Novice: 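Below you will find the structure I want to go over with you.
In this text the structure is predicted, and so the values were computed from the model without any measurement.
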Amino acid sequence: MSERVPEVNLSQMDTAVKELEKRLLAEIKALYGKRLVSVVVFGSAGQGTQRCDSDLDVLVGADRLPRGRMKRVEEFSIVENRIEPFLKSLQQAGIATDLSPVIKSPEEAEKGSPLFLDMVEDARILVDRNGFFKAVLKRLRCRLEKLGARRIWMGNAWYWDLKPDYKPGECFEL
């Protein structure tokens with residue numbers, strides 16, 4: 001027999017996500033210290049449309065990161081381990097969320113990422129040393145506007161028409 005999961009209303013969900021973000025931010029600051037450049041919440045939490053089973057998508061920008069994704073994930077596991085008891089308490093309350101971190105150096109963020117497209121519209125920047133990530137998003141937003149790009153809702157997801165007047169064989173850059 002499966003365990004009954006409590007129903008969660010929007011107010012409870014909002015309160016839980018805010019508390020998770022607060023705790024997460026404190027642990028990220030503790031881990032990265034002066035290396036921390038940016039912390040950005042995106043995805044459904046950035047949009048304010050998270051469900052009880054939504055991940056918390058978070059971009060962490062930091063200086064002097066370990067080389068390679070697995071080493072960065074290993075370093076970030078310190079944050080995850082410290083947050084785990086709170087995540088378990090949320091699960092008992094009917095909120096089955098996990099963390100989905102993306103960890104980039106400032107140099108990598110400057111190069112851009114398709115992941116940043118929706119952040120132009122929906123990111124919530126929690127930490128941003130010297131306005132670094134805000135500037136990254138501003139440059140991308142300007143480029144999208146110049147291309148005439150549009151974000152279009154289809155079904156239950158967004159997609160981007162990056163260049164509505166695209167001609168076959170034409171090359172363009174974001």
Side-chain angles (χ1 to χ4, degrees), residues 2-137 140 156-158:
S2 66
E3 191 175 314
R4 187 175 177 285
V5 176
E7 289 203 24
V8 179
N9 66 41
L10 290 176
S11 175
Q12 291 170 310
M13 185 69 203
D14 188 50
T15 301
V17 169
K18 284 179 181 168
E19 182 62 24
L20 175 56
E21 286 178 11
K22 179 178 141 192
R23 291 173 184 234
L24 179 62
L25 187 56
E27 294 300 341
I28 288 172
K29 285 178 175 180
L31 175 65
Y32 293 100
K34 292 181 189 263
R35 295 187 303 147
L36 187 62
V37 176
S38 302
V39 178
V40 182
V41 173
F42 63 100
S44 61
Q47 297 166 5
T49 61
Q50 66 276 2
R51 299 182 321 255
C52 292
D53 61 347
S54 296
D55 289 352
L56 181 63
D57 298 300
V58 61
L59 171 76
V60 176
D63 293 320
R64 298 180 312 281
L65 290 169
R67 290 181 52 94
R69 186 175 68 82
M70 295 310 293
K71 288 182 180 174
R72 292 177 187 188
V73 168
E74 184 179 329
E75 181 180 48
F76 191 82
S77 70
I78 294 167
V79 169
E80 290 180 308
N81 290 337
R82 291 179 179 160
I83 293 293
E84 186 64 28
F86 184 68
L87 290 176
K88 284 184 178 179
S89 74
L90 291 180
Q91 201 166 34
Q92 291 170 349
I95 301 170
T97 194
D98 286 309
L99 302 178
S100 291
V102 175
I103 307 162
K104 292 191 175 286
S105 69
E107 296 78 19
E108 292 163 338
E110 285 283 357
K111 291 178 184 174
S113 167
L115 190 62
F116 297 172
L117 288 169
D118 287 336
M119 288 187 198
V120 165
E121 302 287 334
D122 299 322
R124 281 190 303 107
I125 299 174
L126 307 181
V127 170
D128 200 25
R129 185 192 327 149
N130 300 322
F132 171 79
F133 199 73
K134 184 177 180 182
V136 168
L137 291 181
L140 179 57
N156 65 348
W158 291 105

Novice: Could you check Leu115 against Val102 for side chain to side chain contact (heavy atoms under 4.5 Å, CB included), going step by step and ending with a plain yes or no?
Specialist: CA-CA 10 Å; Leu115 190 62; Val102 175; 3.7 Å; yes

Novice: Would you check if the side chain of Asp128 reaches a backbone N or O of Phe133 as a donor-acceptor pair within less than 3.5 Å?
Specialist: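 Such a contact is found between Asp128 side chain and Phe133 backbone.
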
Novice: Return the minimal non-hydrogen interatomic distance between Glu27 and Val79, and the atom names on each side.
Specialist: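 Scanning both residues completely, I find the closest heavy atoms to be O-CG2, 3.8 Å.
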
Novice: Write down the atom of Ala109, the atom of Phe116, and the distance for their closest heavy-atom approach.
Specialist: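 Result for this residue pair: O-CE1, 3.4 Å.
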
Novice: If we only count heavy atoms from C-beta on, is the Asp118 to Phe42 side-chain gap below 4.5 Å?
Specialist: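 With C-beta onward as the side chain, the pair stays apart.
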
Novice: Looking only at non-hydrogen atoms, find the nearest pair between Phe76 and Leu99 and report the distance.
Specialist: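 Between these two residues, the closest heavy atoms are CE2-CD1, 4.4 Å.
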
Novice: Do Phe132 and Glu110 have side chains that get closer than 4.5 Å, going by heavy atoms?
Specialist: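 Touching, per the 4.5 Å side-chain cut-off.
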
Novice: To the nearest 0.5 Å, how far apart are CG in Leu87 and CG in Asn81?
Specialist: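 CG of Asn81 is found 10.5 Å from CG of Leu87.
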
Novice: Just to verify, what does Lys22 make a side chain to side chain contact (heavy atoms under 4.5 Å, CB included) with, not counting sequence neighbours?
Specialist: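 Scan of Lys22 (side chain to side chain contact (heavy atoms under 4.5 Å, CB included), adjacent residues dropped) gives Glu19.
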
Novice: Out of curiosity, Leu20 CG to Ile83 CD1, how far, rounded to the nearest 0.5 Å?
Specialist: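 The distance works out to 6.0 Å.
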
Novice: Counting only N and O atoms by type, is there a donor-acceptor contact under 3.5 Å from the side chain of Arg35 to the main-chain atoms of Arg64?
Specialist: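 Indeed, once roles are kept as given, a pair shorter than 3.5 Å links the two residues.
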
Novice: In Å and rounded to the nearest 0.5 Å, what is the CD to CG distance from Glu80 to Leu24?
Specialist: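 Rounded to the nearest 0.5 Å, the CD-CG separation comes out at 9.0 Å.
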
Novice: When you compare the side chain of Arg124 with that of Val40, does any pair of heavy atoms fall below 4.5 Å?
Specialist: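 Result no, sub-4.5 Å side-chain heavy-atom pair not found.
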
Novice: Could you go through the side chain to side chain contact (heavy atoms under 4.5 Å, CB included) check for Ser100 and Asp57 one step at a time?
Specialist: CA-CA 5 Å; Ser100 291; Asp57 298 300; 3.3 Å; yes

Novice: Answer yes or no: is there a side-chain heavy-atom contact under 4.5 Å between Arg23 and Arg82?
Specialist: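 No. Closest side-chain heavy atoms not under 4.5 Å.
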
Novice: Any salt bridge between Arg72 and Glu108, counting N to O under 4.0 Å?
Specialist: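 A salt bridge links Arg72 with Glu108.
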
Novice: Can you tell me if Thr97 uses its side chain to pair, donor with acceptor, with the backbone of Ser54 under 3.5 Å?
Specialist: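 Such a contact is found between Thr97 side chain and Ser54 backbone.
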
Novice: Looking at side-chain heavy atoms only, is the closest gap between Asp98 and Leu56 below 4.5 Å?
Specialist: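 SC-SC contact between Asp98 and Leu56 ruled out.
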
Novice: For Glu121, I'd like to know if atom CD has over 12 heavy atoms of other residues, nucleotides or ligands within 6.0 Å.
Specialist: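 Check passes, neighbour count above 12.
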
Novice: To the nearest 0.5 angstrom, please state how far the CG atom of Leu59 sits from the OG atom of Ser113.
Specialist: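 Leu59 atom CG to Ser113 atom OG measures 8.5 Å (nearest 0.5 Å).
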
Novice: Hey, is the main chain of Lys34 close enough, under 3.5 Å, to the side chain of Arg129 for a donor-acceptor pair?
Specialist: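 Such a contact is found between Arg129 side chain and Lys34 backbone.
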
Novice: Any chance you could measure Thr15, atom OG1, to Ile95, atom CD1, to the nearest 0.5 Å?
Specialist: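 Going from OG1 on Thr15 over to CD1 on Ile95, the span is 8.5 Å.
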
Novice: If every non-hydrogen atom of Val37 is compared with every non-hydrogen atom of Pro106, which pair is closest and at what distance?
Specialist: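 In this case the closest contact between Val37 and Pro106 is CG2-CG, 3.8 Å.
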
Novice: Heavy atoms only: give me the nearest Gly61-Leu36 pair and the separation to one decimal.
Specialist: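 So the two residues come closest at O-CD1, 3.6 Å.
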
Novice: Give, for atom CG of Leu65 and atom OG of Ser105, the distance between the pair rounded to the nearest 0.5 Å.
Specialist: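 Those atoms lie 6.0 Å apart.
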
